[in-house]
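Read the structure below first, then the notes.
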Amino acid sequence: MSDIAATPSREPLLQRINWVDIGPFIALAILVMVGVLINPDFLAPTNITNVVTRSAFIAIIAVGATFVISSGGLDLSVGSMTAFVTGIMIMFMNAMVPSMGGNAIIAGMALVLCVGALCGLFNGLIVTVGKIEPFIVTLGTMGIFRALITFMSDGGNIPLDRSLREPFRPVYYGTFVGIPIPILVSIAVALVGAFILYKTKFGRRCAAVGANEEVARFSGISVGRIRTIAFVIQGICVAIAAICYVPRLGAATPTTGQLWELQVITAVVIGGTALRGGKGRIWGTVAGAVILEMIANLMVLSNFISEYLVAAVQGVIIIIAMLVQRFSKQP
Amino acid sequence: MSDIAATPSREPLLQRINWVDIGPFIALAILVMVGVLINPDFLAPTNITNVVTRSAFIAIIAVGATFVISSGGLDLSVGSMTAFVTGIMIMFMNAMVPSMGGNAIIAGMALVLCVGALCGLFNGLIVTVGKIEPFIVTLGTMGIFRALITFMSDGGNIPLDRSLREPFRPVYYGTFVGIPIPILVSIAVALVGAFILYKTKFGRRCAAVGANEEVARFSGISVGRIRTIAFVIQGICVAIAAICYVPRLGAATPTTGQLWELQVITAVVIGGTALRGGKGRIWGTVAGAVILEMIANLMVLSNFISEYLVAAVQGVIIIIAMLVQRFSKQP
Amino acid sequence: QETRTIAVSVPAATHGWTGGVVYHAQKAAEEIQAAFPNIEVIVKTSPSAAAQVSALEDLTAAGNLDALVILPFSSDELTGPVQSVADAGTFITVVDRGLTDPEIQDLYVAGDNIAVGSTTAKFLVDNLGGKGDVVVLRGIPTVIDDERIQGFQEGLEGSDIKILDIQYANWNSDEAFSLMQDYLAKYPHIDAVWANDDDMLLGVLEAIEQSGRTEIKYALGGNGMKEIIEKVMAGDPMTPIETPYPPSMIKTAIYMTAAQFNGQAPVRGTVKLDAPLITKDNAEEYYFPDSPF
Amino acid sequence: MIDEQVSPGHAAPLMQLSGLGKAYGSVRVLSDVNLDIRPGEIHAIIGENGAGKSTLMRLISGHVKPTEGSIRLAGEEVEFVNPAAAEHAGIALVHQEILLADGLTVVENLFLGREMTRNGVVDDRSMERIASQKLAALGCTASPRALVRSLPIAQRQLVQIARALLEEHRLVIFDEPTAVLTTTEVDTLLGIVRGLRDRGVAILYISHRLNEVEALADRITVLRDGKMIGTYDAVDVSQEDMARLMVGRELAMLYPAKRGPSSEEPVLEIEHLSVPGFVEDASLVARPGEVLGLGGMIGAGRTELFEGLLGLRPAKVSQVRVGGKLVRIGSVADGVEAGIGYLTEDRKGKGLLLRERLAPNLVLTALSRLYRKPYLEQGLEQRELDRAVDEYDIRVRSKRLEAGQLSGGNQQKLLLAKIMMLDPKVVIIDEPTRGIDIGNKSQIYAFIDALIRAGKACIVISSELQELVGLCDRILVMRAGRIVAEFADEAITEEAVVLAATSGGPNAAAGGHH
Ligand SMILES: Nc1ncnc2c1ncn2[C@@H]1O[C@H](COP(=O)(O)OP(=O)(O)OP(=O)(O)O)[C@@H](O)[C@H]1O
Ligand SMILES: Nc1ncnc2c1ncn2[C@@H]1O[C@H](COP(=O)(O)OP(=O)(O)OP(=O)(O)O)[C@@H](O)[C@H]1O
Ligand SMILES: [Mg+2]
Ligand SMILES: [Mg+2]
């Protein structure tokens with residue numbers, strides 16, 4: 001018997017490709033082709049760069065969501081959490097300018113990472129200690145964060161101090177070796193995320209908790225702790241996204257991050273991570289985020305869709321993208 | 001061994017109470033007590049009647065959602081579906097008035113039930129035939145329905161013909177033996193829903209599909225068909241809610257039913273139905289809908305909460321309501 | 001002295017302008033309560049038309065309401081419910097959006113959304129020499145948005161100015177930023193941009209700046225946000241004008257309503273706030289540095 | 001549907017398999033099976049773990065589609081599109097793995113897909129009545145209204161069997177029905193199976209318990225490595241023959257020699273452990289170098305005792321010492337830290353991640369022990385897998401398989417390897433050889449022997465009496481949540497254990513003389 005034991009190197013290449021993993025990329029490729037047909041300008045370097053840069057926020061947050069979802073959770077609060085931590089960061093930076101000058105930016109970044117982690121911790125603890133469905137908990141905290149930013153801004157907006165705009169600006173608009181910073185940041189976040197999820201003990205445990213909580217418990221894994229840490233990671237990712245976000249418009253408003261939670265979850269699911277937990281797919285998630293932004297871009301670039309129907313066409317395309325994936329899985 | 005076998009009739013009463021079932025009602029009771037403390041007017045008959053009447057929309061839709069969720073699905077499109085079918089109904093009624101007069105209302109009601117069922121069927125078929133996560137499918141159709149109502153109304157609104165307002169008005173504002181019609185309708189819907197879910201083969205299978213799809217399939221249950229029917233039921237409930245809704249606001253707009261999906265899901269979960277599927281609790285769901293509406297009412301009646309923080313307080317109360325439930329389960 | 005209760009019902013602060021409304025409403029409430037202890041002002045926000053109807057029911061359930069100041073979510077949907085409140089003898093002040101039946105209201109403090117669109121359009125017709133290509137960003141599909149777009153289109157009638165594109169950006173700066181980037185990618189030549197709300201204009205300006213495109217002569221908004229007024233005062237060539245649609249109109253309405261409980265005769269009728277062109281010369285009048293909007 | 005009293009030798013075959021085979025991708029797990037199944041016979045299928053027995057059953061019952069060959073039912077070629085179709089044709093399968101919906105009640109599971117109604121309303125009364133009858137016939141005490149989740153695994157198995165017997169079928173397939181049952185239930189079940197045969201039903205019966213096969217079967221088919229070795233009349237083959245045919249070689253002695261504790265100093269002492277609702281005031285010690293057995297009926301609370309010990313369910317305990325040192329155990333991780341390894345009886349629900357590959361499953365509990373560095377070193381777990389596959393003789397056709405794709409017995413061996421990664425001082429094995437073939441059993445016993453020789457203690461919970469008696473130096477018997485008897489050395493006999501477990505025999509009061 002044991003002589004039949006695997007020699008994976010001899011399996012044909014086609015069978016070794018993991019179709020679930022590349023499904024989102026196939027969908028992305030098809031979308032690009034459709035895009036070019038619709039409007040040749042689609043492939044113009046500026047357009048592509050803009051689109052990918054824009055997708056960075058969702059991509060970064062969605063990397064965190066991949067942890068939460070693969071550990072069997074769900075976080076609906078990410079959008080309003082972004083607004084909230086952005087507000088905190090700006091207010092702190094503005095307050096620090098007189099004493100710290102440009103260093104206020106660094107201090108603000110450090111602070112927002114802590115605040116983000118704390119927000120995640122808050123979500124995580126309510127879910128795990130209170131044993132309440134993550135959907136409800138984060139729906140609740142979604143309202144809480146949104147209300148706090150509205151309160152902090154008196155319903156208006158919280159602008160970044162003028163003196164900080166210029167030095168902070170490159171974090172969104174700058175490039176490094178020709179690549180926009182947000183793209184680099186999201187690649188870095190995805191790399192770190194992939195490393196943690198696939199190459200560390202925590203990542204393993206995270207997937208185990210999502211796949212079967214009982215098995216995880218019987219294997220000596222502290223289910224609550226792992227779930228909580230996943231939420232903390234989500235919070236940190238939100239903070240990173242907030243850091244890239246502020247220099248773009250230089251303000252936090254009550255509408256910042258509105259409905260991002262749905263986009264984030266969609267990106268994760270399009271990327272091939274199952275909502276019921278288990279295996280998370282970081283790179284698929286990133287592809288999912290780009291797909292979403294690209295669909296929105298195509299809606300504007302195409303000429304034949306009534307403005308009223310944009311949302312309908314987007315909905316149809318998302319469903320089709322999922323179908324493409326589904327069927328590319330069964331070669 | 002057999003002497004240990006259960007003799008349920010001899011269990012003390014307290015242990016025989018199903019705490020999960022009454023959890024939402026305990027939360028409701030506590031909320032009422034808090035309400036009276038905050039504002040004595042809270043218990044005024046008009047106020048209580050108003051609140052319960054208003055919760056009818058969410059309650060009716062949430063009864064349908066209980067089917068979808070207990071069968072292991074999820075429907076994010078209910079809010080925009082409400083807007084869409086409301087739009088269709090009003091346009092149809094307006095078009096029929098010249099020829100049919102007041103009968104246009106009856107015809108419109110019949111039509112909207114069909115349209116609702118079809119919308120549900122559409123969701124259900126994409127989920128089951130396309131084998132795509134319900135979250136994504138209904139996120140897509142949420143966009144589609146929302147876009148369609150925007151298109152139908154040209155971005156404005158679709159008002160009900162003046163001549164129909166008066167005859168239609170009692171459907172929301174009327175009473176029968178002193179009880180407002182919407183309350184009667186939602187009790188009727190809940191009764192029928194409870195009957196179907198608990199007393200028919202379909203209901204049993206619905207729960208089975210949600211509890212364990214594989215086992216259900218091995219037992220010869222057509223998982224796809226059950227799920228699809230659950231979505232159709234959801235569609236019909238949406239249509240019934242739309243019928244009660246029109247006389248209240250007399251128009252359909254692109255913002256009709258916005259975010260209802262979240263309220264509906266919250267009502268279901270607060271009611272004790274687990275999001276991962278399995279057992280559905282119709283009466284809990286109805287209690288959940290009343291709880292939500294009551295929280296909103298308390299926000300209006302209380303005077304010490306900054307208007308900016310209303311959403312935060314609501315979020316906190318929802319989480320506390322879940323905690324109350326959780327701990328009332330372990331007496 | 002008898003206590004009088006005024007209820008103020010406005011949409012929730014979901015974006016800049018509504019945020020401003022809530023701010024001014026609360027300010028007015030505080031000031032009036034401080035000045036006249038016998039007048040109680042209750043401000044309530046609602047996130048949707050249905051919720052606003054609910055709030056009206058809740059406010060009137062106790063039956064001791066003397067006046068209602070309401071900025072309706074939409075005209076059709078709120079007409080019936082406000083009628084019920086009026087039937088109970090409550091003084092009704094309607095702000096901004098008129099009800100379908102003007103008989104209901106005692107006082108109407110009106111903004112003019114159509115004028116916001118048409119004033120801006122006329123400016124463009126005059127300053128672009130009657131021809132050119134413009135792109136438009138609109139908000140959330142509601143009556144306000146619809147009226148502004150309608151006014152804009154009417155204002156352009158008869159000129160050779162062409163609207164290249166109109167898309168929704170939900171009164172959200174981020175979505176406006178993205179949409180403007182895409183417009184820029186799609187149209188190699190744009191003469192002017194109109195965002196029908198200043199929140200969106202902020203995003204538009206960033207996108208234009210980033211693109212480095214120079215052919216765009218005007219990027220205009222509307223509503224009178226203080227950041228934009230500052231630009232007008234500073235003589236910004238790209239945003240030289242602004243159309244006010246001051247959220248402070250709610251404050252005006254509350255004061256006028258309160259006046260009658262303070263011994264003055266009730267003011268009835270219509271107070272129409274027009275939407276004059278704000279230029280560098282008169283910008284000072286429309287600048288409220290303390291307002292959040 | 002069923003002929004009366006047909007004698008197996010002469011009846012026309014009910015089902016004929018010709019050239020039946022199954023391949024997953026390029027891997028053939030079963031090929032060229034030719035078999036007649038006659039009405040009114042009990043046809044045993046035996047073979048090593050991974051021989052393809054379950055696969056064959058899944059082909060017959062429509063769960064899996066064959067890649068070659070054909071199935072004839074009553075002379076007509078059939079192709080079942082799904083299990084429901086097979087069931088409609090009169091074929092029922094009792095799965096090796098328990099397939100019930102956890103969140104539903106016993107009745108709901110029993111009648112899933114064939115609910116009884118009266119005037120369109122589900123008739124709970126009748127269903128509960130019938131359920132009680134069917135369960136009682138199987139000796140199952142579970143309440144029809146209990147949630148399946150709350151049942152011990154053996155009760156679940158009985159529910160599953162009851163489900164297959166709810167309606168009359170032409171062919172009933174039992175895939176290791178007795179693996180999780182204790183002696184009494186096994187006897188009841190065997191009676192029922194014989195009753196079915198006598199009514200002319202064809203039975204396919206898989207078991208690793210060769211004494212059962214010998215006692216029950218009319219004919220025996222042996223599978224090895226996915227191929228048919230042959231079909232034999234039961235009277236012609238002894239248990240030794242069966243073992244030889246399955247394994248393809250002579251078997252060594254099954255049980256290793258007993259050696260007794262190497263020291264009187266206990267490695268594990270548990271004092272006054274209670275698990276509310278399950279265990280009352282249990283105290284026990286385990287000494288290095290001894291195999292301590294726990295016997296008892298289903299529901300006696302043996303599993304719960306150790307789950308309680310490891311913080312897997314709420315429990316109270318006054319003291320736990322490991323190697324003389326007082327330890328506080330609040331979780332499995334604490335247990336691992338203290339040197340206690342626990343192997344669950346429910347490998348599918350609590351032991352393995354079925355959708356995960358083998359290596360991650362193997363190292364899941366031992367992650368911290370295996371990887372000193374914060375990240376997972378390249379190839380390390382793969383090497384561990386290779387070692388475990390070797391050491392525990394886990395038969396896999398590809399190491400890229402998911403755990404759920406292993407045969408039942410191989411899953412058990414993987415689970416064993418997983419626990420052993422922790423190098424525990426005390427190993428608690430709940431049902432160590434559940435679903436393991438005779439060849440592998442002796443391997444596992446030899447392995448347990450190696451453990452105690454290394455000075456560890458081993459606690460074995462087993463429902464297989466022979467195993468307990470053959471393996472253990474000392475046996476504790478539990479009944480209704482209490483430890484009621486202790487036997488050592490010569491006092492250990494099957495009769496004594498059964499007596500203590502069922503009625504409180506003479507030794508009932510003797511609860512631990514240490
Ligand atoms: N889905 C699958 N994909 C690939 N291989 C599979 C799959 N299912 C089963 N196998 C392989 O088929 C072989 C036969 O498995 P099967 O379950 O039939 O064995 P078995 O005789 O029932 O063993 P046991 O006595 O341990 O239950 C095993 O090697 C198993 O790994
Ligand atoms: N659903 C239930 N509700 C209440 N008591 C139960 C339930 N299921 C089991 N019990 C009780 O729990 C105790 C211990 O059961 P448990 O299965 O799990 O013991 P065990 O000895 O480990 O059995 P096994 O032989 O299956 O390992 C028994 O007293 C039994 O009657
Ligand atoms: Mg098997
Ligand atoms: Mg057990």
Side-chain angles (χ1 to χ4, degrees), chain A residues 38-39 41-51 53-55 57 82-83 143 146-147 149-159 165 169 172-173 180 245 247-260 293-294 296-303 305-311, chain C residues 12-27 45 135-138 141 149 164-188 198-200 202-207 209-213 225-227 247 290-293:
Chain A
I38 288 179
N39 190 333
D41 288 340
F42 175 70
L43 268 192
T46 358
N47 189 51
I48 288 291
T49 320
N50 281 345
V51 170
T53 312
R54 264 158 25 197
S55 68
F57 307 134
T82 311
R146 183 64 68 198
I149 178 72
T150 314
F151 183 70
M152 281 155 44
S153 66
D154 271 343
N157 62 4
I158 308 177
R165 297 232 174 149
R169 208 177 137 80
Y172 185 82
Y173 294 100
Y245 173 84
R248 182 158 104 174
L249 297 178
T253 74
T255 51
T256 298
Q258 221 165 31
L259 296 186
W260 281 11
E293 197 63 51
M294 207 166 261
N297 177 251
L298 280 179
M299 290 301 102
V300 180
L301 292 191
S302 67
N303 277 321
I305 299 166
S306 150
E307 75 214 78
Y308 300 129
L309 290 179
V310 167
Chain C
T14 49
H15 68 284
W17 191 79
T18 45
V21 169
V22 177
Y23 173 85
H24 286 292
Q26 286 186 328
K27 259 277 157 25
T45 61
V135 290
V136 177
L137 295 86
R138 63 192 298 181
I149 297 297
L164 292 175
D165 221 326
I166 296 188
Q167 299 281 346
Y168 286 104
N170 299 325
W171 287 328
N172 178 316
S173 343
D174 290 300
E175 290 179 45
F177 176 84
S178 300
L179 179 55
M180 192 61 212
Q181 277 193 336
D182 292 345
Y183 277 160
L184 288 165
K186 186 175 177 184
Y187 301 105
D198 288 336
D199 269 325
M200 295 195 291
L202 294 179
V204 167
L205 292 173
E206 288 291 348
E209 177 179 347
Q210 182 214 14
S211 73
R213 291 258 289 257
M225 182 193 258
K226 66 179 179 201
E227 281 84 354
D290 294 334
S291 161
F293 183 71

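Throughout, a chain's letter reflects where its sequence line sits, starting with A, and its residues are numbered from 1.
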With a 4.5 angstrom heavy-atom cut-off, which part of [X] approaches chain C: side chain, backbone, both or neither?
X      : answer
A:T53  : neither
A:A296 : backbone
A:D41  : side chain
A:F151 : neither
A:T46  : neither

Closer than 4.0 angstrom, basic N to acidic O: yes or no for [X] and [Y]?
X      : Y      : answer
A:R248 : C:D174 : yes
A:R54  : C:E175 : no
C:K27  : A:D154 : no

Worksheet item: So, does C:K186 use its side chain to make a donor-acceptor pair with the main chain of A:N39 at under 3.5 Å?
Response: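 It does not hold such a pair.
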Worksheet item: Does A:N47 use its side chain to pair, donor to acceptor, with the backbone of C:A185 at less than 3.5 Å?
Response: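 Answer holds: no.
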Fill in: Contact class of C:Y187 relative to chain A, heavy atoms under 4.5 angstrom
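Contact with chain A involves the side chain of C:Y187 alone.
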Discussion item. Is the shortest side-chain heavy-atom distance between C:D199 and A:T255 below 4.5 Å?
Written reply: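 SC-SC contact between C:D199 and A:T255 ruled out.
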Discussion item. Is there a side-chain contact between C:F177 and A:L249 in this structure, where contact means two heavy atoms from C-beta onward sitting under 4.5 Å apart?
Written reply: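 When only atoms from C-beta onward are counted, A:L249 and C:F177 do touch, with a gap below 4.5 Å.
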Worksheet item: Roughly how far, to the nearest 0.5 Å, is the CG atom of C:N172 from the OG1 atom of A:T256?
Response: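 The CG atom of C:N172 is 7.0 Å from OG1 of A:T256, to the nearest 0.5 Å.
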Worksheet item: What's the spacing between C:D198 CG and A:N157 CG if we round to 0.5 Å?
Response: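 Answer for the CG-CG pair, C:D198 versus A:N157, is 10.5 Å.
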Worksheet item: chain C: which of A:Y308, A:F42, A:F57 shares the most heavy-atom pairs with it under 4.5 Å?
Response: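 Most pairs with chain C among the choices: A:Y308.
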Worksheet item: For chain A, which of C:L205, C:D165, C:I166, C:L179 has the most heavy-atom pairs under 4.5 Å?
Response: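 The option with the most such pairs is C:I166.
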Fill in: Max heavy-atom pair count under 4.5 Å with chain A, selected residue of C:Q26, C:Q167, C:Q210
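So the answer, after comparing C:Q26, C:Q167, C:Q210, is C:Q210.
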Item to complete: Test A:E307 against C:R138 for side chain to side chain contact (heavy atoms under 4.5 Å, CB included), laying out the working first.
Response: CA-CA 10 Å; A:E307 75 214 78; C:R138 63 192 298 181; 2.6 Å; yes
Practice prompt. Would you name the heavy atoms of C:D182 and A:V300 that are closest together and state the gap between them?
Written response: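 Shortest heavy-atom separation between C:D182 and A:V300 comes out as CB-CG1, 3.5 Å.
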Discussion item. Between C:E206 and A:Y173, is the side chain to side chain contact (heavy atoms under 4.5 Å, CB included) condition met? List the steps.
Written reply: CA-CA 10 Å; C:E206 288 291 348; A:Y173 294 100; 3.4 Å; yes
